[in-house]
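Here's the structure we're looking at; comments come further down.
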Amino acid sequence: MSVRVRFAPSPTGFLHIGGLRTALYNYLFAKKHGGTCVLRIEDTDRTRFVEGAQEGLIEEFKQAGIMFDEGPVQGGALGPYVQSDRFDLYKEHAKKLVDPNLEGNGFAYYAFDTEEDIESMRERQRNAGIAPRYMRGEMNNELTYGSEKTREAIESGVPYVIRLKVPHNRDVRFVDLVHGAIIIAGREIDDQVLIKSDGFPTYHLANVVDDHFMQISHVIRGEEWLPSTPKHVLLYEAFGWEIPQFAHLPLLKNPDGSKMSKRFGDVLVHQFRERGFMPEALINYCAFLGWNPGTEQEFFTMEELVEAFSLERVHKAGAIFDYKRLAWMNAHYLRLEPKERLGEEFASMLEANGVTYASKEYIENVAQLMKERVQTVNELVPFSTYMFKDPIHFEKDYLEQHWNEETETIVTSFLDVLSSIEPFTNEQIETSVKEFLTNNSIPMKKFVHPLRVAITGKKIGADLYSTIQLLGKNAVVRRLKSILELRNQMTEFVTEGIDPKTGETIEVTMVELPITPLEIHN
RNA sequence: GCAGCAUUCGUCUAGCGGUUAGGACACCGCCCUUUCACGGCGGUAACACGGGUUCGAUUCCCGUAUGCUGUACCA
């Protein structure tokens, strides 16, 4: 039998990272076995429908590199792929489960309870301290009414639901590909509503009917479905259909161990994208949340994942989502990013932050130079401010530490060397600087730190010589002269900074140069 | 409450009766070095607990504890 799997989201909003992981495993499993991956939209809950969500989902999968073989957009032989377009199918099948004589001998039955009936039943159960399950023997339904009263009720238009008649006298068992044999006593299973009073099916019915007609061979979904799987098994049995293989994936969790939620940070795929995480990193990281290849290889392309994936190696316990590890992985992919593509991403980040730049080539070079120092493209923006505008703010302590009268003498004489460097390349700049230092017996440390702080305004940054080259001779000379001339006219102010060691917010004293900073237009 | 599922370093995990319990992230040192980052080297750190089974249990079985999920006319 050929492998056919599906990812079946409900269009209630953006794609959750857990959804991405589930879809990924479905995709990997399908591709690994030369099978088919289906996208099905489960919109049976009309009250939660969100306009445009379906389109958003599809776009996010496209970016991530997950391609569905069949779905609402690409179509397929076993469609339609949106449940609201399959409405009649569910009702028709639910009715097949009901006893035609309306004597309650079917696999399902009509029930006429109002919301208040159900609520009072639960109230009584709560008080009695027993499990809240539908008490089919004492409620308003086909079983208690008998065929005549049931027929009358239906004909006179009393709203009804159709419930699954769960056999209470036996166990329901099935094999889960990741958890092994699962056995649940029938008496623990509730008489699930199959058709709601609005005529729509519940997830349980629609899911089984669709999986059957779409010939799904493996149901790979989140572990939150494990407790309701017996209901699905019962439905397959009632219809006399072949039961697919089940594989329930471990849940993604918050740092405190609860089910992953927005309480602890971003959980939506588009939020990760906006924060500068790359699709490759997201996919690679998600793949390893609950699965591993059993080798020591950590970085995988989608093709390699397909090759290496197997359900047997899926872990059983839930996994806490570690943002730091994702960042580390993203940094790896960032370093691999081709110059042009990185340039484009950087450009859109700059535009989003209102930074203007002159040429595509320049920002490509800036990104290339700095990508090894950051973990996401977004970080490139604050990291590279001095590549776009002369710095005017300096950390007071740091400047004083590296800048004194001796420095001024050295820098002043270096200005002559600088103007004569030709060609103005990082190699030549480095050579000239070193010659200058040797000729004047100046130790490296006495010079490069003041040079860096004067040119960039920061203590950390990328290779200084390349930075000087990219900025260009004019800008560097201008910056050095500004400090030289206006050093004593700087004004102090206090601002908030972040302690790099502790991550705490601390007060930092800054000094400001009394100039209007020029923009770099290289 | 009831049911199901789970439990190896802080985190992701390897392990499928005999291992100095391995790797990666994070953290801490050292090296490289113009700062930072990368990289290299090293370090701290784990089998939840109690019973069995066995010559021997991290590994198999049973309890306990803890956590998670479910317990809807939501998915």
Side-chain angles (χ1 to χ4, degrees), chain A residues 8-12 42-45 47-48 111 113-115 118 122 125-126 128-134 159-163 176 178-180 182-185 187-190 192-204 206-207 221-230 248 250-251 253 255-259 285 288-298 313 315-329 331-332 335 370-375 383 398 402 430 433-434 437 444-445 447-449 451-453 456 458-465 467 500:
Chain A
S10 55
T12 53
E42 309 221 327
D43 58 345
T44 53
D45 184 2
T47 62
R48 299 209 309 170
D113 310 285
T114 62
E115 244 176 81
I118 298 290
R122 296 220 172 97
Q125 289 168 325
R126 260 196 302 277
I130 58 174
R133 273 191 285 277
Y134 185 75
Y160 66 84
V161 299
I162 296 179
R163 283 181 183 271
D176 184 278
V178 346
H179 294 281
I182 308 281
I183 303 170
I184 296 182
R187 80 187 102 81
E188 302 294 345
I189 306 167
D190 201 5
Q192 184 65 48
V193 168
L194 265 19
I195 295 287
K196 306 179 221 176
S197 54
D198 63 3
F200 271 72
T202 57
Y203 167 84
H204 307 282
N207 159 69
R221 78 231 300 192
E223 201 185 282
E224 68 268 30
W225 293 110
L226 199 51
S228 52
T229 303
H248 288 94
L251 259 20
K253 304 194 293 186
D256 74 344
S258 57
K259 190 171 162 180
Y285 179 70
F288 273 70
L289 245 25
W291 171 87
N292 79 85
T295 65
E296 300 210 334
Q297 185 181 346
E298 315 230 38
R313 293 203 63 88
H315 198 71
K316 290 176 174 179
I320 294 176
F321 193 91
D322 184 354
Y323 293 85
K324 280 192 171 174
R325 197 175 159 86
L326 204 214
W328 162 76
M329 195 160 258
H332 170 85
R335 279 174 246 129
M370 303 189 152
K371 69 178 182 182
E372 292 224 354
R373 326 271 143 161
V374 298
Q375 295 189 303
F383 198 83
Y398 191 66
H402 290 292
E430 180 169 3
V433 165
K434 285 184 173 162
L437 294 175
M444 187 73 132
K445 284 192 194 257
F447 184 65
V448 290
H449 292 292
L451 196 58
R452 174 181 296 282
V453 73
T456 70
K458 297 186 176 188
K459 52 180 141 185
I460 61 166
D463 176 68
L464 229 204
Y465 308 116
T467 303

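No experiment lies behind these values; they were computed from the predicted model shown. Values below: every heavy atom of this structure, side chains too, minus hydrogens, waters and symmetry copies. Letters go in sequence order (proteins before strands), and every chain restarts at 1.
- Pair assignment for B/rA21: none, as no Watson-Crick or G-U wobble contacts are both less than 3.5 Å.
- Among the atoms of the strands shown, base atoms are found under 4.0 Å from some heavy atom of A/K459.
- At distances below 3.5 Å, at least one donor-acceptor pair connects side-chain atoms of A/K196 with backbone N or O atoms of A/T44.
- No donor-acceptor distance shorter than 3.5 angstrom exists from the side chain of A/D190 to the backbone of A/Q192, with no hydrogens or angles considered.
- Listed here is the closest heavy atom pair of A/D43 and A/F200: O-CE2, 4.5 Å.
- Among the protein residues, A/L464 comes within range of the nucleic acid bases, having at least one heavy atom under 4.0 Å from a base atom.
- Backbone-only contact: A/R313 has heavy atoms under 4.0 Å from sugar-phosphate atoms and none from a base.
- Checking B/rA57 for Watson-Crick or G-U wobble geometry (two distances, each under 3.5 Å) identifies no partner in any strand.
- Taking atom OH on A/Y323 and atom P on B/rC12, their separation rounds to 14 Å, with Å as the unit.
- Between the C1' atom of B/rG70 and the CZ atom of A/R133 lies a distance of 12 Å, rounded to the nearest Å.
- When distances run from any side-chain atom of A/R48 to the nucleotides B/rA72, B/rA37, B/rA75, the shortest one goes to B/rA75.
- Side-chain N or O atoms of A/T456 include one that pairs as donor or acceptor with a backbone N or O of A/K458 at under 3.5 Å.
- Across all strands shown, B/rA37 forms no Watson-Crick or G-U wobble pair with both key distances under 3.5 Å.
- Within the 4.0 angstrom heavy-atom criterion, only backbone atoms of the sugar-phosphate kind lie near A/A319; the bases stay farther away.
- The nucleotide whose nearest atom lies closest to any side-chain atom of A/V193 is, among B/rU35, B/rC73, B/rA26, B/rC73.
- With a 3.5 Å ceiling on both atom-pair distances, B/rC32 lacks any Watson-Crick or G-U wobble partner.
- B/rC9 sits 12 Å from B/rG22 when the C1' atoms are compared, rounded to a whole Å.
- A donor-acceptor pair under 3.5 Å is absent between the side-chain atoms of A/R373 and the main chain of A/A462, judged by distance alone.
- Counting non-hydrogen atoms under 4.0 angstrom, A/K259 reaches the backbone sugars and phosphates but no base.
- The partner of B/rA45 cannot be assigned: no Watson-Crick or G-U wobble pair with both contacts below 3.5 Å exists in any strand.
- Base-pair partner of B/rG50: B/rC62 (Watson-Crick or G-U wobble, both distances under 3.5 Å).
- Here B/rC38 presents its C1' atom at 13 Å from CG of A/D463, a figure rounded to the nearest Å.
- Nucleotides B/rG63 and B/rA24 are separated by 35 Å at their C1' atoms, to the nearest Å.
- Between the P atom of B/rU69 and the CD1 atom of A/I182 lies a distance of 17 Å, rounded to the nearest Å.
- Taking the six-membered ring where the residue is Trp, A/H204 and A/W225 present perpendicular rings, their angle passing 60° and hence far from 30°.
- In this structure, A/L251 and A/E430 both approach RNA chain B, and ranking their closest nucleotides by distance from the 5' end singles out A/E430.
- In this structure, the nucleotide among B/rG23, B/rA75, B/rC73 sitting nearest to the side chain of A/H204 is B/rA75.
- A/R122 comes within 4.0 angstrom of sugar-phosphate atoms only, judged by non-hydrogen atoms across all strands, and of no base.
- Within 4.0 Å of A/L194, counting heavy atoms only, lies no atom of the nucleic acid at all.
- Residue contacts for A/R126: at a heavy-atom cut-off of 4.0 Å it reaches no nucleic acid atom on any strand shown.
- The separation of B/rU53 from B/rC27, taken at their P atoms, amounts to 47 Å, rounded to a whole angstrom.
- Although no hydrogens or angles enter the test, the distance criterion places a donor-acceptor pair under 3.5 Å between the side chain of A/R133 and the main chain of A/E188.
- For B/rA72, there is no paired nucleotide, since no Watson-Crick or G-U wobble pair has both relevant distances below 3.5 Å.
- Among the atoms of the strands shown, none is found under 4.0 Å from any heavy atom of A/N207.
- Distances shorter than 4.0 Å separate some side-chain N or O of A/N292 from OP1 or OP2 on B/rA14.
- For A/W328 and B/rA37, the CH2 to P distance is 17 Å, given to the nearest whole Å.
- Among the nucleotides B/rG4, B/rA3, B/rU34, the one closest to any side-chain atom of A/E188 is B/rA3.
- Residue contacts shown for A/T44 are limited to sugar-phosphate atoms, with no base heavy atom under 4.0 Å away.
- The P atoms of B/rU58 and B/rG50 are separated by 11 Å, rounded to the nearest whole Å.
- Ring centers of A/W328 and A/Y285: at least 6.0 Å apart, outside the cut-off.
- Straight-line distance between the C1' atoms of B/rC47 and B/rA21: roughly 8 Å, to the nearest whole Å.
- Judged by the 6.0 Å distance and 45° axis criteria, A/R163 is positioned over the aromatic ring of A/Y134.
- Between A/K371 atom NZ and B/rC38 atom P the separation is 15 Å, expressed in whole Å.
- Using a 4.0 Å heavy-atom cutoff across all strands shown, A/G222 reaches no nucleic acid atom at all.
- One cannot find a donor-acceptor pair under 3.5 Å joining the base of B/rU11 and the side-chain atoms of A/R325.
- Nearest nucleotide to the A/R335 side chain, out of B/rG1, B/rC5, B/rG39: B/rG39.
- Counting only heavy atoms from C-beta on, A/D322 has its side chain closest to B/rU11 among B/rA24, B/rG22, B/rU11.
- Rounded to the nearest Å, the gap between the C1' atom of B/rG10 and that of B/rA48 is 16 Å.
- Among B/rU34, B/rA6, B/rA75, the nucleotide with an atom closest to any side-chain atom of A/H179 is B/rA6.
- Phosphate contact (OP1/OP2 of B/rA14, side-chain N/O of A/H315, threshold under 4.0 Å): present.
- Comparing the same atom, C1', in B/rA26 and in B/rC32 gives a spacing of 22 Å after rounding to whole Å.
- Taking 4.0 Å as the cut-off between side-chain N and carboxylate O, A/E223 and A/K259 do not count as a salt-bridged pair.
- A/Y465 comes within contact range of at least one nucleobase, with a heavy-atom separation under 4.0 Å.
- As the counterpart of B/rC16, no nucleotide is assigned, since no Watson-Crick or G-U wobble pattern has both distances under 3.5 Å.
- Across the interface with RNA chain B, nearest-nucleotide mapping of A/S10 and A/K316 shows A/K316 to be the residue nearer the 5′ end.
- One cannot find a donor-acceptor pair under 3.5 Å joining the base of B/rC73 and the side-chain atoms of A/T202.
- As rounded to the nearest Å, B/rG23 and B/rG43 have C1' atoms that lie 16 Å from one another.
- Base contact: A/Y203 has a heavy atom under 4.0 Å from a base atom.
- Contacts of A/A327 with the nucleic acid, taken as non-hydrogen atoms under 4.0 Å apart, are absent.
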